[in-house]
Trainee: 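Structure provided below as structure tokens; questions to follow.
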Amino acid sequence: MGPLCFRALCCKGPPPARPEYDLVCIGLTGSGKTSLLSKLCSESPDSVVSTTGFSIKAVPFQNAILNVKELGGADNIRKYWSRYYQGSQGVIFVLDSASSEDDLETARNELHSALQHPQLCTLPFLILANHQDKPAARSVQEVKKYFELEPLARGKRWILQPCSLDDMEALKDSFSQLINLLEDHEAVRM
């Protein structure tokens, strides 16, 4: 008896296949990439340690599965990010909206590099302004202006959303918007 028959007996027929998308998740150390992804996978964020190399998580949504390759954000790792871009169908960029000016400038430079990278420049981007629950957090409008997104990302498909670990509904909504962009992007490519 093949595995399909077995699955049919156990689960009353295979579930409808959800599309899978391969995404890369980048951002500086401490921006909250691992915590956000863990929370989306219903894992406890308490056990999160900073990602030193990269990790891959399958993040399930109702209408898609996102295979997210999260890259560590430390100085010595960022220069290797582009080695992991190949095969990506979309990009998640997480920034700490409550970080220092220096870190924000570094994040801006990294985002600009990613938006202009040949393997990423045509892909949908979800830019998450994280840590909105902190008193020092900058608003989405401030982030948009500081990151000079309008001129740089003109004609690209990108979404800039506020987020925090406290507001899972908003985070899931941001990812739903990204999935819509991914569906459109893949349909155009076909």
Trainee: I need the Ile77 CD1 to Tyr84 OH distance, nearest 0.5 Å.
Mentor: 8.5 Å

Trainee: For Gly72, is there any backbone N or O sitting under 3.5 Å from a side-chain donor or acceptor partner on Trp81?
Mentor: yes

Trainee: For Ser82 and Lys79, which heavy atoms make the closest approach, and how far apart are they?
Mentor: OG-O, 4.5 Å

Trainee: Is a side-chain donor or acceptor of Ser97 paired with a backbone partner of Asn130 at a separation under 3.5 angstrom?
Mentor: yes

Trainee: Mind listing the side-chain donor-acceptor pairs of residues 29-41 below 3.5 Å, one per line with the distance, residues two or more places apart or on another chain?
Mentor:
| unit_1 | atom_1 | unit_2 | atom_2 | d |
| --- | --- | --- | --- | --- |
| Thr29 | OG1 | Gly73 | O | 3.4 |
| Thr29 | OG1 | Ala74 | N | 2.9 |
| Ser31 | OG | Leu28 | O | 2.8 |
| Ser31 | OG | Val94 | O | 3.4 |
| Lys33 | NZ | Gly27 | O | 2.8 |
| Lys33 | NZ | Leu28 | O | 3.1 |
| Thr34 | OG1 | Thr51 | OG1 | 2.9 |
| Thr34 | OG1 | Glu70 | OE1 | 3.3 |
| Thr34 | OG1 | Glu70 | OE2 | 2.6 |
| Ser38 | OG | Thr34 | O | 2.8 |
| Lys39 | NZ | Leu165 | O | 2.9 |

Trainee: Assess the side chains of Asn109 and Glu105: does a donor N or O sit below 3.5 Å from an acceptor N or O?
Mentor: no

Trainee: Tell me whether Met168 is reachable from Leu126 by hopping between hydrophobic residues (I, L, V, M, F, W, Y) whose side-chain heavy atoms are closer than 4.5 Å.
Mentor: yes

Trainee: Mark yes or no for whether Gln161, through its side chain, and Leu128, through its backbone, hold a donor-acceptor pair below 3.5 Å.
Mentor: no

Trainee: Hey, what do you get for OG (Ser88) to NZ (Lys69), rounding to the nearest 0.5 Å?
Mentor: 5.5 Å

Trainee: In terms of hydrophobic clustering (I, L, V, M, F, W, Y; side-chain heavy atoms under 4.5 Å; direct or indirect links), are Phe175 and Phe125 co-clustered?
Mentor: no

Trainee: Given Gln89 and Glu186, is the side chain to side chain contact (heavy atoms under 4.5 Å, CB included) satisfied, shown in steps?
Mentor: CA-CA 8 Å; Gln89 293 166 285; Glu186 290 304 305; 3.4 Å; yes

Trainee: If we only count heavy atoms from C-beta on, is the Pro60 to Arg18 side-chain gap below 4.5 Å?
Mentor: yes

Trainee: Side-chain heavy atoms nearer than 4.5 Å, only ILVMFWY residues, links allowed to pass through others: does that put Val68 and Leu120 together?
Mentor: no

Trainee: Please report the interatomic distance CZ(Arg78) to OG1(Thr106), rounded to the nearest 0.5 Å.
Mentor: 6.0 Å

Trainee: Out of curiosity, Leu182 CG to Glu20 CD, how far, rounded to the nearest 0.5 Å?
Mentor: 12.5 Å

Trainee: Measure the OG-CG distance between Ser100 and Asp103 for me, rounded to the nearest 0.5 Å.
Mentor: 3.5 Å

Trainee: Yes or no on side chain to side chain contact (heavy atoms under 4.5 Å, CB included) for Leu149 and Leu111, after CA distance, side-chain angles and deciding distance?
Mentor: CA-CA 9 Å; Leu149 283 172; Leu111 178 59; 3.8 Å; yes

Trainee: For Asn63, which residues count as a side chain to side chain contact (heavy atoms under 4.5 Å, CB included) partner, sequence neighbours excluded?
Mentor: Phe61, Ile179, Glu183

Trainee: List the steps, then state whether salt bridge (charged side-chain N to carboxylate O under 4.0 Å, His left out) holds for Glu101 with Arg138.
Mentor: CA-CA 11 Å; Glu101 287 291 323; Arg138 293 157 186 88; 3.3 Å; yes

Trainee: To the nearest 0.5 Å, tell me how far Ser174 OG sits from Ile127 CD1.
Mentor: 11.5 Å

Trainee: Tell me, do Phe147 and Leu104 make a side-chain contact under 4.5 Å, heavy atoms counted?
Mentor: yes

Trainee: Report yes or no: do Leu123 and Phe54 belong to one cluster of Ile/Leu/Val/Met/Phe/Trp/Tyr joined by side chain heavy-atom distances under 4.5 Å?
Mentor: yes

Trainee: What about Leu178 and Leu160, same hydrophobic cluster or not, with Ile/Leu/Val/Met/Phe/Trp/Tyr joined at side-chain heavy-atom distances under 4.5 Å?
Mentor: no

Trainee: Looking at Gln132 and Ser164, what are the two nearest heavy atoms and their distance?
Mentor: N-CB, 4.0 Å

